[in-house]
Structure formats: structure tokens, C-alpha cells
Amino acid sequence: MSQIKKSFLLINRQAPYGSSAARDALDVALTASVFEQDISLLFLADGVFQLLKDHQPQGIGQKNLAANLSALPMYDIDQIFVSASAMKERGLDKAQLSLPAELLDDQQIAALISRHDQVMSF
């Protein structure tokens, strides 16, 4: 029996620490990719902070999210998108990101969402 391939868009809206949302989204992405599903990640609002280089969460007793993020290319997850307006509102630029990501405006984000079979928000 052949497997039906779906496209998944995982929307990350939460800061990297303080809740399990960021780690949960990455777990879903990695698990779905094992089953050869098409995975895209979109970072909105405070979710853009997940992609920043040099996290140091040890001071708050959290594991660094960087190891999970660095595994994405090994799982062929390279469709990573970031809200340009969220970056601008937080005074961030693309050079500060730990992974290559495509900056999208609001219209491009709407188009991205509409072209995926499944959309999950964290």
C-alpha cells in the first residue's frame, strides 16, 4: 500500500523558552519528515526568536533549542520561512538567524498557508 504524501506547514508563534511549544513544533516536524512528508516551517511573532543564534537558556534551566534546529537539514527540512514584519518589529535582521530562511511579507504568508494540505500552529 503506497503512502499518501501531504504537505505540512508548522507555524511557530511562541518564544523559544517558557513553554513547550517550540520544542513540540520541532518534534512534529522531525517525526513527519521520517514518514517522508513535505514539511515547511513558518516563524511569526515571537516565534522568530527561536531562530536566533547563540541561545543561552541554561540560566533559566532549559535545554538549548539549537540542537533540534540544527537537525532540520539532516531531515531534509529546508523550507523555512520568517515573517519580515515580525523581524522588523523586533529589530532583527536575517544575519542573526541560525538557519537560512526566506523572509515573507503578509501576502506571501497567506499564499504559503493556502498551498499546504495541513497547517498546525504552535
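Residues Ala15 and Ala22 share a closest heavy-atom pair of O-CB, 4.3 Å. Taking all atoms of both residues into account, the shortest heavy-atom contact from Phe122 to Leu10 is CE1-CD2, 4.0 Å. For the pair Ile39 and Gln79, the tightest heavy-atom approach, listed with the atom from each and the gap, is O-CB, 3.8 Å. Taking both residues in full, the closest heavy atoms of Lys94 and Ala101 are given as CE-O, 2.7 Å, listed atom of the first, atom of the second, then distance. Across Val82 and Leu42, no two heavy atoms sit closer than the pair N-CD1, 4.3 Å. Closest of all the heavy-atom pairs between Leu69 and Pro73 is O-CD, 3.8 Å.
Contact of the Leu51 side chain with the Leu92 side chain is not registered, since no non-hydrogen atoms from C-beta on lie closer than 4.5 Å. Annotation: side chain of Asp78 is not in contact with side chain of Leu99 (no heavy-atom distance under 4.5 Å).
Rounding to the nearest 0.5 Å gives a distance of 7.5 Å between OG of Ser19 and CG of Asp24. Note: Gln108 CD to Ser83 OG = 10.5 Å, rounded to the nearest 0.5 Å.
Cluster annotation: Phe49 is not connected to Ile109 through the hydrophobic network of ILVMFWY side chains, with a link wherever side-chain heavy atoms come within less than 4.5 Å. Grouping the Ile, Leu, Val, Met, Phe, Trp and Tyr side chains by contacts below 4.5 angstrom, directly or via other members, places Phe8 with Val28. The hydrophobic cluster containing Phe81 does not contain Met120, counting ILVMFWY residues as joined when their side-chain heavy atoms lie under 4.5 angstrom apart, directly or transitively. The cluster map of Ile, Leu, Val, Met, Phe, Trp and Tyr, joined by side-chain heavy atoms under 4.5 Å apart, puts Ile80 and Val48 in the same cluster. The cluster map of Ile, Leu, Val, Met, Phe, Trp and Tyr, joined by side-chain heavy atoms under 4.5 Å apart, puts Leu52 and Leu26 in the same cluster.
At most 12 heavy atoms of other shown residues, nucleotides or ligands fall within 6.0 angstrom of atom CG in Asp106.
For Asp76, the side chain to side chain contact (heavy atoms under 4.5 Å, CB included) test picks out no residue, with sequence neighbours left out.
Formation of a donor-acceptor pair under 3.5 Å by the Glu36 side chain with backbone atoms of Lys5 is not found in this model. Side chain of Gln37 to backbone of Lys6: a donor-acceptor contact under 3.5 angstrom is found. Ser114 places a side-chain N or O within donor-acceptor distance of the main-chain N or O of Ala111, the cut-off being under 3.5 Å. Side-chain N or O atoms of Tyr75 include none that pairs as donor or acceptor with a backbone N or O of Ala32 at under 3.5 Å.
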Test side chain to side chain contact (heavy atoms under 4.5 Å, CB included) on Asp117 and Asp38 and set out the steps. CA-CA 10 Å; Asp117 297 319; Asp38 290 327; over 6 Å; no
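With no hydrogens or angles considered, no side-chain donor-acceptor pair links Arg115 and Ser7 at under 3.5 Å.
Residue pairs satisfying the salt bridge (Lys or Arg N to Asp or Glu O under 4.0 Å) criterion with at least one member in residues 80-92, sequence neighbours excluded, are listed as follows: Asp46-Arg90.
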